[in-house]
**Q** 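Questions regarding the structure given below will be posed in turn.
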Amino acid sequence: MSKTFVTGVAGFLGSHLADELLKQGHEVIGVDNFLGGYPENVPEGIEFYEADCCDFERMRDLMKGVEVVYHCAAAPHEGLSVFSPNLITKHTYNATIAVVTAAIATGVRRIVFTSSMARYGRQENPLFTEDMQPMPVDPYGIAKYAAELTIAALAKAHGLEYTHIVPHNIIGPRQKYDDPFRNVASIMINLMLQGRQPIIYGDGEQKRGFSFVQDVVEPMYKAGFLPEVRGEVINVGPDDEFITINELSRRIARLMKFDPLEPVHFVDRPLEVKFATCSADKARLLLGYTTSKTLNEGLADLIEWIKMKGPKPFSYHLELELVNDKTPLTWKHRVF
């Protein structure tokens with residue numbers, strides 16, 4: 001079994017991935033700076049360090065002897081990146097470069113990078129496939145795609161193996177639900193548990209796909225070890241159940257028996273992509289990707305977990321760097 005390294009291990013995806021690595025018999029070292037995770041998410045049985053991925057020297061010291069790195073850490077706040085571009089780029093692009101440089105310096109065999117559908121931006125065909133030319137439109141998407149390109153360039157120069165995994169919006173237990181800047185389903189559930197109406201940007205007809213976390217974890221785990229996925233970009237997420245944000249609010253309300261449902265609409269967020277869905281054909285072919293839960297089943301699990309934890313006030317823990325007439329009122333006036 002391998003010595004593995006997981007960044008963002010107190011986060012939603014990283015903690016579940018660490019669980020899977022432990023289950024498969026691997027040794028796991030994990031790091032997190034708690035920018036976007038919960039301390040209680042850190043799995044028992046791993047060697048954990050509170051550390052920032054931007055700290056190259058620390059990453060290099062902790063990676064000694066590691067074979068596979070799973071880089072899950074980021075500041076995955078796509079909408080916020082338009083108003084806090086320095087913060088989001090630092091913890092998305094700069095952090096990635098520190099991690100991959102440390103991986104090369106310590107002789108890591110492979111890095112699995114968690115990219116984002118934000119890499120695609122706006123496409124003529126809203127069903128994104130990996131052969132499309134990425135056209136990211138916001139600083140977060142640009143940072144993710146730039147990180148992909150830099151990893152590929154450094155890997156070619158230094159002999160590092162890599163795989164880029166591109167998930168949908170992921171839902172499930174352990175997701176941060178008191179963050180007003182991201183995780184639309186969790187935000188809606190937290191609001192409804194407080195007896196408050198969900199908040200929707202624009203007309204709510206934005207269309208998205210949602211992945212249950214374990215359905216992402218299993219192919220992502222395989223991406224660290226299968227030889228045939230070296231150098232590949234692979235979408236991971238269901239391609240048979242895309243819904244609008246309006247419909248998402250209705251489904252959550254039905255599952256929670258929340259009535260009456262009267263969503264509060266705010267103006268569109270600048271640069272938000274209207275349609276962001278992707279094909280899973282490549283993941284099925286190379287990683288044996290399947291879905292274990294329908295969207296409603298995944299939402300039900302998320303609802304039950306948040307109910308168990310209890311509703312929380314929203315924490316405005318990230319600084320707004322650009323406050324002007326374009327800044328969403330929800331953030332400027334702390335509406336959540």
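Bear in mind that the values here come from a model prediction, so they are computed numbers and not experimental data.
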**Q** When the side chains of residues 43-51 are checked against the rest of the protein, which donor-acceptor pairs come out under 3.5 Å, sequence neighbours left out?
**A**
residue	atom	partner	partner atom	Å
E47	OE2	Y49	OH	2.4

**Q** Within a reach of under 6.0 Å around NZ of K274, are more than 12 heavy atoms found that belong to other residues, nucleotides or ligands?
**A** yes
**Q** With a 4.5 Å limit on heavy-atom distance, are the side chains of K293 and Q214 in contact?
**A** no
**Q** For C72 and T7, work out which heavy atoms get closest and say how close.
**A**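 What the structure gives for the nearest pair is N-OG1, 2.9 Å.
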**Q** Any salt bridge between R251 and E247, counting N to O under 4.0 Å?
**A** yes
**Q** Are C53 and H71 close enough that some pair of their side-chain heavy atoms sits under 4.5 Å apart?
**A**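 SC-SC contact between C53 and H71 confirmed.
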**Q** Is the ring pair H26/Y221 parallel, tilted or perpendicular, if the boundaries are 30 and 60 degrees?
**A**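 Ring orientation, 0 to 90° scale: tilted.
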**Q** Check whether E321 reaches the backbone of L87 with its side chain - one donor and one acceptor, N or O, closer than 3.5 Å.
**A**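 Side chain of E321 to backbone of L87: a pair is present.
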**Q** Evaluate side chain to side chain contact (heavy atoms under 4.5 Å, CB included) for Q206 paired with L248, printing each intermediate quantity in order.
**A** CA-CA 10 Å; Q206 306 95 313; L248 178 69; over 6 Å; no
**Q** Distance check, rounded to the nearest 0.5 Å: Y93 atom OH versus L149 atom CG?
**A**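 Answer rounded to 0.5 Å: 8.5 Å.
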**Q** F336: which residues meet the ring pair (Phe, Tyr, Trp, His ring centres under 6.0 Å) condition with it, sequence neighbours left out?
**A** F314
**Q** In this structure, which one of V166, T277, D281 forms a side chain to side chain contact (heavy atoms under 4.5 Å, CB included) with N235?
**A** V166
**Q** Say whether L295 and M192 are linked into one hydrophobic cluster, either directly or through other cluster members, by side-chain heavy-atom distances under 4.5 angstrom.
**A**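 The answer is yes; both residues are in one hydrophobic cluster.
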**Q** Side chains of F113 and K144, heavy atoms from C-beta outward: is any pair under 4.5 Å?
**A**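 Yes, close enough: below the 4.5 Å cut-off.
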**Q** Quick check: does any side chain N or O of N94 sit under 3.5 Å from a backbone N or O of C54, one acting as donor and the other as acceptor?
**A** no
**Q** Whether K312 engages the ring of Y38 as a cation-pi pair (distance to the six-membered ring centre under 6.0 angstrom, angle to the ring normal within 45°) should be assessed.
**A** yes
**Q** Does R58 come within less than 4.0 Å of D61, counting only side-chain N to carboxylate O?
**A** no
**Q** Which atom names give the shortest non-hydrogen contact between T163 and I234, and what distance separates them?
**A**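 Nearest pair, atom of T163 first, then I234: CG2-CD1, 4.3 Å.
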**Q** NZ of K332: more than 12 outside heavy atoms within 6.0 angstrom?
**A** yes
**Q** Are Y120 and F275 connected, step by step, through hydrophobic side chains (Ile, Leu, Val, Met, Phe, Trp, Tyr) whose heavy atoms are closer than 4.5 Å?
**A**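 Different clusters.
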**Q** Identify the two heavy atoms, one from D301 and one from F212, that lie closest to each other, and give their separation to 0.1 Å.
**A** OD2-CZ, 3.6 Å
**Q** Can K309 and D178 be counted as an ion pair, charged N to O under 4.0 angstrom?
**A**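 The answer is no: the pair does not qualify as a salt bridge.
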**Q** Taking G209's backbone N and O only, do any of them form a donor-acceptor pair with N169's side chain (distance below 3.5 Å, no angle check)?
**A**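 Looks like yes, one N/O pair under 3.5 Å.
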**Q** Could you state the interatomic distance from CZ (R230) to CG (L160), rounded to the nearest 0.5 Å?
**A**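 Answer for the CZ-CG pair, R230 versus L160, is 11.5 Å.
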**Q** Using 0.5 Å steps for rounding, measure from the CG atom of L271 to the CZ atom of F83.
**A** 8.0 Å
**Q** Tell me, yes or no, whether the heavy-atom count around K3 atom NZ, taken from other residues, nucleotides or ligands under 6.0 Å, exceeds 12.
**A**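 Enclosed.
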**Q** Is any side-chain heavy atom of T114 less than 4.5 Å from a side-chain heavy atom of I165?
**A**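 No, every pair of side-chain atoms sits at 4.5 Å or beyond.
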**Q** Between Q197 and V264, is there a donor-acceptor pair closer than 3.5 Å when you use the side chain of the first and the backbone of the second?
**A** no
**Q** Looking at N41 and S15, what are the two nearest heavy atoms and their distance?
**A** O-CB, 3.3 Å
**Q** Taking C-beta and beyond as the side chain, do S249 and L261 meet within less than 4.5 Å on heavy atoms?
**A**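 Yes, at least one pair of side-chain atoms sits under 4.5 Å.
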**Q** Show, in sequence, the C-alpha distance, side-chain angles and deciding distance for Q24 and T4, and conclude whether the side chain to side chain contact (heavy atoms under 4.5 Å, CB included) test is met.
**A** CA-CA 11 Å; Q24 298 295 336; T4 60; over 6 Å; no
**Q** Give the C-alpha distance, both sets of side-chain angles, the deciding distance and a yes or no for side chain to side chain contact (heavy atoms under 4.5 Å, CB included) between R109 and V68.
**A** CA-CA 6 Å; R109 177 179 61 81; V68 179; 3.3 Å; yes
**Q** Using a 4.5 Å cut-off on heavy atoms from C-beta on, say whether the side chain of V184 contacts that of F210.
**A**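 Yes, at least one pair of side-chain atoms sits under 4.5 Å.
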**Q** Return the CG to CD distance between L13 and Q175, rounded to the nearest 0.5 Å.
**A**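 Here the rounded value is 10.5 Å.
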**Q** Report the C-alpha separation of E272 and R208 in whole Å, then their side-chain angles, then the decisive distance to 0.1 Å, and conclude whether the salt bridge (Lys or Arg N to Asp or Glu O under 4.0 Å) test is met.
**A** CA-CA 12 Å; E272 184 175 14; R208 298 290 187 268; 3.5 Å; yes
**Q** Specify whether F181 and H77 have parallel, tilted or perpendicular ring planes, treating 30° as the upper limit for parallel and 60° as the lower limit for perpendicular.
**A**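 Aromatic pair F181/H77 classed perpendicular.
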**Q** Do M117 and L287 sit in one hydrophobic cluster, given that two such residues count as connected whenever their side-chain heavy atoms are within less than 4.5 Å of each other, even indirectly?
**A** no
**Q** Before accepting this row, confirm whether a basic side-chain N of the pair K282/D131 lies closer than 4.0 Å to the acidic partner's carboxylate O.
**A**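 No, K282 and D131 are not salt-bridged.
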**Q** Check this for me, if you would: do R284 and D239 make a salt bridge, where the nitrogen-to-carboxylate-oxygen distance has to be below 4.0 angstrom?
**A** yes
**Q** Between the side chain of T101 and the main-chain N/O of A98, is any donor-acceptor distance below 3.5 Å?
**A** no
**Q** Just say parallel, tilted or perpendicular for the rings of Y162 and H164, cut-offs at 30° and 60°.
**A**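 Tilted, since the angle between the ring planes falls between 30° and 60°.
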**Q** Please check if the side chain of W305 supplies one atom and the backbone of G172 the other of a donor-acceptor pair under 3.5 Å.
**A** no
**Q** Could you walk me through whether R269 and D138 satisfy the salt bridge (Lys or Arg N to Asp or Glu O under 4.0 Å) test, starting with their C-alpha distance in whole Å, then the side-chain angles of each, then the deciding distance to 0.1 Å, before giving a yes or no?
**A** CA-CA 11 Å; R269 291 181 301 185; D138 54 58; over 6 Å; no
**Q** From L62 CG over to T106 OG1, what is the distance, rounded to the nearest 0.5 angstrom?
**A** 10.0 Å
**Q** I'd like to know if the side chain of Q194 and the backbone of P313 have a donor-acceptor N/O pair within less than 3.5 Å.
**A**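 Not confirmed, Q194 side chain does not pair with P313 backbone.
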**Q** Please work out which of the three classes, parallel, tilted or perpendicular, describes the rings of H168 and F242, given edges at 30° and 60°.
**A** tilted
**Q** Are M59 and F56 connected into the same hydrophobic cluster when the rule is that any two of I, L, V, M, F, W, Y join if their side-chain heavy atoms are below 4.5 Å apart?
**A**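 No: no chain of side-chain contacts under 4.5 Å links F56 to M59.
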**Q** Heavy atoms only: give me the nearest E67-S2 pair and the separation to one decimal.
**A**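 Of all heavy-atom pairs spanning E67 and S2, the closest is OE1-OG, 2.7 Å.
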**Q** With rounding to the nearest 0.5 Å, note down the distance linking CG in D215 to OG in S292.
**A** 3.5 Å
**Q** Please determine whether side chain to side chain contact (heavy atoms under 4.5 Å, CB included) holds for the pair D203 and H265, giving the CA-CA distance in whole Å, both sets of side-chain angles, and the decisive distance to 0.1 Å.
**A** CA-CA 7 Å; D203 62 8; H265 287 260; 5.7 Å; no
**Q** Would you check if N246 and P263 make a side-chain contact, meaning some heavy-atom pair closer than 4.5 Å?
**A** no
**Q** Under a single-linkage definition using a 4.5 Å side-chain heavy-atom cutoff for Ile, Leu, Val, Met, Phe, Trp and Tyr, are V69 and V112 assigned to the same hydrophobic cluster?
**A** no
**Q** Within the 4.5 Å heavy-atom criterion, are P139 and V82 side-chain neighbours or not?
**A** yes
**Q** Strictly below 4.0 Å, N to O, side chains only: are K222 and E232 in salt-bridge contact?
**A**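 A salt bridge is absent here (no side-chain N lies under 4.0 Å from a carboxylate O).
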**Q** Closest approach of Y140 and S116, non-hydrogen atoms and distance?
**A**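 It is CE2-OG, 3.4 Å.
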